[in-house]
Amino acid sequence: MLLKLQRDKVRQYQKKIQGVLDREEAIARAHLEAGRKDRALIALRQRKYQQSLLQKTDGQLENLEQLVSTIEFSLVEVSVLHGLKQGNEVLKDIHRELNIESVEKLLEETAEAREYQQEISEMLSNNLTMDEEEAVQEELRQLQAEVQETEGQKPVVLPSVPDTQPETRVEEGEEPVPEGQRSKVAVPA
């Protein structure tokens with residue numbers, strides 16, 4: 001950036017002026033020590049002039065740095081503005097696709113479908129007798145079995161559970177029979 005180059009040149013110029021200031025002070029000391037007061041006065045005047053130049057370059061450098069900062073901030077603002085512009089375009093595209101009429105129509109259709117499903121559920125739950133409900137449950141079990149068969153699974157057939165509890169009595173003096181050998185022992189009826 002050109003301004004940054006100018007800023008760097010002003011800083012180099014300041015270093016040069018500082019070198020001249022130091023040299024003029026050394027010259028003034030040397031003339032004063034040599035007894036040439038008039039030449040020392042001239043060197044000090046030149047030094048004072050160089051100091052005023054240094055102060056002017058400080059002001060110019062400050063102006064340049066403020067200008068560079070302002071430009072950099074303006075570039076950030078332009079970038080943000082460009083991002084906002086792109087975001088606004090995307091929102092406009094989305095709004096073109098989602099107009100209010102189509103959204104309202106979709107919401108109405110969804111509400112109608114829910115109402116229809118509710119009516120069907122109420123009709124079915126209120127009009128079925130116990131026998132019909134059992135038939136529906138049986139049909140559901142059959143469908144589940146068919147689905148399992150088509151998926152390659154065989155339906156699980158469980159053995160029936162006995163209705164009575166087995167009785168085992170231990171007579172006095174007899175020892176209890178271990179679990180695996182109970183079938184050999186006769187149980188009195």
Without placing hydrogens or testing angles, list every side-chain donor-acceptor pair under 3.5 Å for residues 19-36, not counting sequence neighbours.
residue, atom, partner, partner atom, Å
D22, OD1, Q18, NE2, 3.4
E25, OE1, R47, NH2, 3.4
E25, OE2, R29, NH2, 3.1

Around atom CD of E139, are there more than 12 heavy atoms of other residues, nucleotides or ligands at under 6.0 Å?
-> no
Transitive ILVMFWY side-chain link V10 to Y49, under 4.5 Å = no
Can you tell me how far CG of L2 sits from CD of Q6, rounded to the nearest 0.5 angstrom?
-> 5.5 Å
Taking the side chain as every heavy atom from C-beta outward, state whether L64 and Q60 have any atom pair closer than 4.5 Å.
-> no
Given side chains that start at C-beta, do those of R141 and Q137 come closer than 4.5 Å, heavy atoms only?
-> yes
How long is the gap from CD on Q46 to CD on Q51, to the nearest 0.5 Å?
-> 12.5 Å
For I42, the other hydrophobic cluster members (4.5 Å side-chain criterion, sorted by chain and number) are none
Going by heavy atoms in the side chains, are T57 and L54 under 4.5 Å from each other?
-> yes
Point-to-point distance, once rounded to the nearest 0.5 Å, from CD1 of I120 to CD of Q118 = 11.0 Å
How many angstroms lie between NE2 in H95 and CD1 in I100, if you round to the nearest 0.5 Å?
-> 9.0 Å
Rounded to the nearest 0.5 Å, how far apart are CD of Q148 and CG of L143?
-> 11.5 Å
Between the side chain of S79 and the main-chain N/O of L75, is any donor-acceptor distance below 3.5 Å?
-> no
pair Q117-R114: side-chain heavy atoms closer than 4.5 Å | no
Is the number of heavy atoms from other residues, nucleotides or ligands within 6.0 Å of CZ (R7) greater than 12?
-> yes
Rounded distance [0.5 Å steps], OG in S74 versus CG in L81 | 11.5 Å
